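All values reported here derive from a predicted model rather than from experimental measurement. Proteins come first, then strands; the chains are lettered A, B, ... in the order of their sequence lines, and each starts at number 1.
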Number of protein chains: 2
Amino acid sequence: MDAEQAPVDMSSGHEDHLKRDRTARSFVTSEDVARLAGVSRSAVSRTFTPGASVSADVRHRVQEAAKTLGYRVNRLARSLISDQSNLVGVVGANLSLPFMARQLDELSRALLRRGMQCLLLNAAEAEQGITPLIELILEFRVRAIVVMSGSPPTSIIDECMANGVRVILVNRQADDTEADTIISDDIGGARIAAERLLQAGCRRIGVVGSGAQTPTQIRRRGTFVDWIKDAGIEPAVWASGNTLYETGVEAARGLLASHDLDGVFCVTDLMALGFLDGARMMGRRIPEDLSVIGFDDIPQSAWASYRLTTVRQSMSDLTGSVLAAIEREMSGEGMAPLAHEVLPVELVERATVRSTV
Amino acid sequence: MDAEQAPVDMSSGHEDHLKRDRTARSFVTSEDVARLAGVSRSAVSRTFTPGASVSADVRHRVQEAAKTLGYRVNRLARSLISDQSNLVGVVGANLSLPFMARQLDELSRALLRRGMQCLLLNAAEAEQGITPLIELILEFRVRAIVVMSGSPPTSIIDECMANGVRVILVNRQADDTEADTIISDDIGGARIAAERLLQAGCRRIGVVGSGAQTPTQIRRRGTFVDWIKDAGIEPAVWASGNTLYETGVEAARGLLASHDLDGVFCVTDLMALGFLDGARMMGRRIPEDLSVIGFDDIPQSAWASYRLTTVRQSMSDLTGSVLAAIEREMSGEGMAPLAHEVLPVELVERATVRSTV
DNA sequence: GCAACCTTTGCACACGTGTGCAAATCTTTC
DNA sequence: GAAAGATTTGCACACGTGTGCAAAGGTTGC
């Protein structure tokens with residue numbers, strides 16, 4: 001008698017009970033919505049999938065029910081089934097430095113506008129390179145990885161490509177691997193700086209870089225030195241410390257104590273601003289005694305205390321190229337061609353280079 | 001004859017074929033690892049789950065196989081089953097502004113150190129408030145949401161809490177809801193600034209704020225005005241524009257043209273730096289003619305051209321409190337108590353306030 | 001050698017979603 | 001009004017993982 005009732009309860013009621021228990025302290029699922037709307041779970045799924053076939057009536061009922069229950073599709077499950085998320089991994093260090101901060105600001109905004117989201121990994125904590133960071137990102141089946149700091153080894157890049165994850169290197173060198181690389185024209189910029197100083201009549205010239213051995217640093221400094229030497233001048237070189245304001249101050253103290261320079265190129269605006277302050281502390285008048293050119297064009301360079309003449313990297317070009325590379329993967333079926341872009345730079349004339357006599 | 005082969009192939013071979021097809025162009029799964037290591041999939045799962053029971057032998061074999069195949073656990077699937085990811089959602093706008101950038105830098109670093117990752121949403125794109133952004137974050141079943149910009153309405157906060165997602169408001173007001181709020185002591189800081197200017201002998205006092213109606217702005221400006229009035233002085237007030245350097249310049253031009261001030265409090269360092277430059281352009285000597293105090297202590301305030309005396313928010317305190325709030329949720333079983341912290345600030349004396357006579 | 005106990009292993013189910021396929025419903029055309 | 005076509009719907013399987021449960025294996029103590 002009781003055996004007749006029990007099994008029925010166990011088989012049909014058991015599942016219901018468990019479900020209700022879970023949803024009470026957890027999220028609303030599409031099944032809950034389907035039940036309330038009186039349709040199948042498929043209908044719910046299709047309602048939230050753009051381009052799927054649902055009648056207006058059902059769509060409306062589902063949306064109503066979803067609203068009532070506070071339903072949100074579970075991105076984890078959706079990404080699991082489609083084996084791809086709308087996430088883009090971003091690796092960057094020194095996020096507080098003006099140039100990097102602007103880059104991240106623009107990039108995260110652009111991604112959001114295209115319906116993607118930004119999984120941010122701070123490379124500052126990475127003692128053993130950024131490979132472990134990229135592995136963390138890969139665990140989320142991201143659509144692409146943007147590297148703005150550190151240089152990933154070939155092995156990990158290849159692995160990403162093998163899994164259909166695009167790797168985009170911004171201002172990082174890795175010519176021999178299968179990654180998109182997008183860099184500003186450091187060589188052209190350094191040449192412009194050299195030409196401008198020479199044109200201004202500078203003859204005792206110096207260059208300030210940090211001790212960091214990044215390709216960008218080396219390219220800017222090296223190119224500048226070459227051009228100055230071509231003009232028959234042996235430039236004074238500073239190359240130590242971090243890529244910071246303080247290093248610029250230090251460089252001014254060190255360089256100007258031993259050399260009576262009248263023209264200096266700093267490979268980074270941040271260092272240039274420090275250099276300006278350092279030079280002023282040593283009694284130099286800018287630009288009468290000493291002309292200074294920077295590189296990047298960060299917001300602070302336009303401030304009234306500095307008005308730094310500098311080589312501008314176009315932030316919008318940079319962001320645009322990164323996004324184009326990401327979307328190339330999404331649209332095309334097969335392996336989209338890799339980008340190897342070199343973006344043009346331009347000289348921004350302000351007030352730290354003396355006018356040509 | 002052929003009908004005999006076909007069904008067999010379809011039923012048993014079909015699945016295998018599909019699997020192999022997928023894994024070829026996709027990621028390695030735990031099943032692949034299990035097969036190579038000659039164990040069950042459970043063993044693989046347990047090998048990568050801290051604290052699970054696996055023999056040393058099996059663990060070794062699994063790790064070997066995983067290494068060979070380049071296996072990485074699928075975070076999406078793991079999070080799906082455990083209904084929680086190691087993600088923390090971060091909402092912020094104006095990421096390129098120095099204070100925000102530093103905050104994000106420290107936070108992302110701290111999160112990574114604790115094994116969490118940072119899902120970044122840029123609130124700049126949010127015309128209709130940050131509710132849609134928070135919804136996007138919720139879709140990833142994040143562990144917590146840190147809001148550094150914009151103020152979420154009560155409804156969405158309650159919904160987060162109901163789903164076990166902690167909402168942490170940094171320098172945002174929302175006293176009446178179930179969110180952790182962590183703010184710097186704006187009131188105390190404004191008082192310190194007022195006292196310091198009065199102590200320096202300033203009698204013709206002004207205050208510079210932006211037009212933004214954020215609680216932080218209002219609190220700092222309002223408190224300062226009250227304290228100055230208490231001293232029997234009617235302060236000049238500037239309150240328009242964005243919270244930017246340029247606004248500071250504009251404020252100096254506007255305020256100093258009509259008032260001959262000898263002491264000014266800027267509610268933000270960024271505006272204070274602009275104000276300094278603007279005041280200098282108008283011929284004021286700092287601090288002889290005019291004393292200036294800022295708020296935040298951004299890196300630029302220490303630069304030699306400014307040496308701004310300012311009220312410092314402790315970045316490490318801020319980050320520490322945010323992390324504590326996140327981890328409180330993880331450790332405790334039940335609903336952990338909400339934080340309503342007000343962090344102390346301190347005056348950093350530099351060179352923009354004249355020494356007491 | 002056997003009982004008692006602890007550790008390790010595999011099975012099977014669950015998580016919440018997308019989607020191919022066939023059935024069902026609606027629309028159009030003659 | 002029926003046939004042909006177009007649209008909508010539900011079923012059922014798949015995605016890759018964690019974990020309770022019971023069986024199996026290993027160890028200890030008498």
Side-chain angles (χ1 to χ4, degrees), chain A residues 14-15 17-19 21-23 25-35 37-62 66 69 71-86 138-141 163, chain B residues 10-11 14-23 25-35 37-62 66 69 71-86 138-141 163:
Chain A
H14 176 63
E15 204 179 307
H17 173 64
L18 260 184
K19 277 258 162 59
D21 224 16
R22 292 261 174 185
T23 51
R25 59 175 206 82
S26 182
F27 285 80
V28 179
T29 78
S30 62
E31 174 131 20
D32 300 331
V33 177
R35 204 178 305 139
V39 297
S40 81
R41 207 181 47 68
S42 307
V44 178
S45 174
R46 287 192 243 265
T47 299
F48 290 99
T49 305
S53 152
V54 213
S55 70
D57 174 42
V58 169
R59 154 168 275 128
H60 183 72
R61 284 221 310 280
V62 168
L69 264 40
Y71 170 72
R72 263 177 289 274
V73 11
N74 186 330
R75 258 330 203 281
L76 300 170
R78 169 180 282 188
S79 300
L80 176 60
I81 184 76
S82 60
D83 208 23
Q84 185 165 74
S85 64
N86 66 336
L138 277 179
E139 291 179 1
F140 279 97
R141 306 304 189 247
N163 288 326
Chain B
M10 288 298 270
S11 65
H14 176 62
E15 204 178 307
D16 246 3
H17 173 65
L18 259 184
K19 276 255 165 62
R20 202 156 303 156
D21 224 16
R22 290 263 174 184
T23 50
R25 62 177 205 78
S26 183
F27 285 79
V28 179
T29 76
S30 61
E31 175 132 20
D32 301 331
V33 177
R35 204 178 305 139
V39 297
S40 80
R41 207 181 46 69
S42 306
V44 178
S45 173
R46 289 192 241 263
T47 298
F48 290 98
T49 306
S53 152
V54 213
S55 70
D57 175 42
V58 169
R59 154 167 275 127
H60 183 72
R61 283 220 310 281
V62 168
L69 264 39
Y71 171 71
R72 263 177 288 276
V73 12
N74 186 330
R75 250 350 200 265
L76 300 170
R78 169 180 282 190
S79 300
L80 177 60
I81 184 76
S82 60
D83 209 21
Q84 184 164 76
S85 65
N86 66 336
L138 277 179
E139 292 179 1
F140 279 98
R141 305 303 187 249
N163 288 326

Quiz item: Can you tell me how far the CG atom of A:L76 sits from the CZ atom of A:F140, to the nearest 0.5 Å?
Solution: 7.5 Å
Practice problem: State which of C:dC15, D:dA14, D:dT19 makes the closest approach to the side chain of B:T49. | Solution: D:dT19
Quiz item: Quick one: B:R59 CZ to C:dT9 C1', roughly how many Å, whole number?
Solution: 14 Å
Exercise. Calculate the interatomic distance between B:I81 atom CD1 and C:dT17 atom P; express it in whole Å.
Key: 14 Å
Practice problem: Would you kindly give the CD-to-P distance between A:E31 and C:dG18, to the nearest whole Å? | Solution: 14 Å
Quiz item: Separation of A:Q84 atom CD from C:dT17 atom C1', in whole Å?
Solution: 16 Å
Exercise. Name the closest nucleotide to the B:S30 side chain, picking from D:dT17, C:dC15, C:dT17.
Key: D:dT17
Quiz item: Taking atom OG of A:S85 and atom CD of B:E139, what is their separation to the nearest 0.5 Å?
Solution: 12.0 Å
Quiz item: Is B:V73 touching bases, backbone alone, or none of the nucleic acid, heavy atoms closer than 4.0 Å?
Solution: sugar-phosphate
Quiz item: Quick one: which of D:dT17, D:dT9, C:dG16 gets closest to the side chain of B:A77?
Solution: D:dT17
Self-check item: Spacing between B:L76 atom CG and D:dG16 atom P, to the nearest angstrom
Solution: 11 Å
Quiz item: Within the structure shown, what part of the strands sits under 4.0 Å from B:F48 by heavy-atom distance: base, sugar-phosphate, or nothing?
Solution: nothing
Quiz item: When you check the phosphate oxygens OP1 and OP2 of D:dG18, does a side-chain N or O of B:S82 lie under 4.0 Å from one of them?
Solution: no
Quiz prompt | Whole angstrom value for the distance that separates P of D:dG16 from CG of A:N163 | solution = 12 Å
Quiz item: When we call it a touch if two heavy atoms are under 4.0 Å apart, what does B:V58 touch: a base, just sugar-phosphate, or nothing?
Solution: sugar-phosphate
Self-check item: Atom pair OG1 (A:T29) and CZ (A:R41), whose distance is rounded to the nearest 0.5 Å
Solution: 8.5 Å
Quiz item: Base, sugar-phosphate, or nothing: which does A:S55 touch, judged by heavy atoms less than 4.0 Å apart?
Solution: sugar-phosphate
Quiz item: Quick one: OG on B:S82 to CZ on B:R75, what's the gap to the nearest 0.5 Å?
Solution: 9.5 Å
Quiz item: Roughly, in whole Å, what's the span from CG in A:N74 to P in D:dC15?
Solution: 18 Å
Quiz item: So, is A:S40 near the phosphate of D:dG10, with a side-chain N or O under 4.0 Å from OP1 or OP2?
Solution: yes
Quiz item: Of B:S42 and A:R46, whose nearest nucleotide on DNA chain C comes first from the 5' end?
Solution: B:S42
Exercise. Start with the C-alpha gap between B:N163 and A:R72, add the side-chain angles, then the distance that decides, and say whether side-chain contact (heavy atoms from CB on, under 4.5 Å) holds.
Key: CA-CA 12 Å; B:N163 288 326; A:R72 263 177 289 274; 4.1 Å; yes
Quiz prompt | Spacing of A:R35 atom CZ relative to D:dG10 atom P, expressed in whole Å | solution = 15 Å
Quiz item: Among the nucleotides D:dT9, C:dT19, D:dT17, which one has an atom lying closest to any side-chain atom of A:V54?
Solution: D:dT9
Quiz item: When the nearest nucleotide of DNA chain D is assigned to B:R72 and to A:A43 on a heavy-atom basis, which residue is associated with the more 5' position?
Solution: A:A43
Quiz prompt | Short side-chain N/O contact from A:S45 to OP1 or OP2 of C:dT17, under 4.0 Å | solution = no
Quiz item: Across the strands shown, which category fits B:R41 at heavy-atom distances under 4.0 angstrom: base, sugar-phosphate, nothing?
Solution: base
Quiz item: So B:R35 and B:D32, side-chain contact (heavy atoms from CB on, under 4.5 Å) or not? Walk me through it.
Solution: CA-CA 5 Å; B:R35 204 178 305 139; B:D32 301 331; 3.8 Å; yes
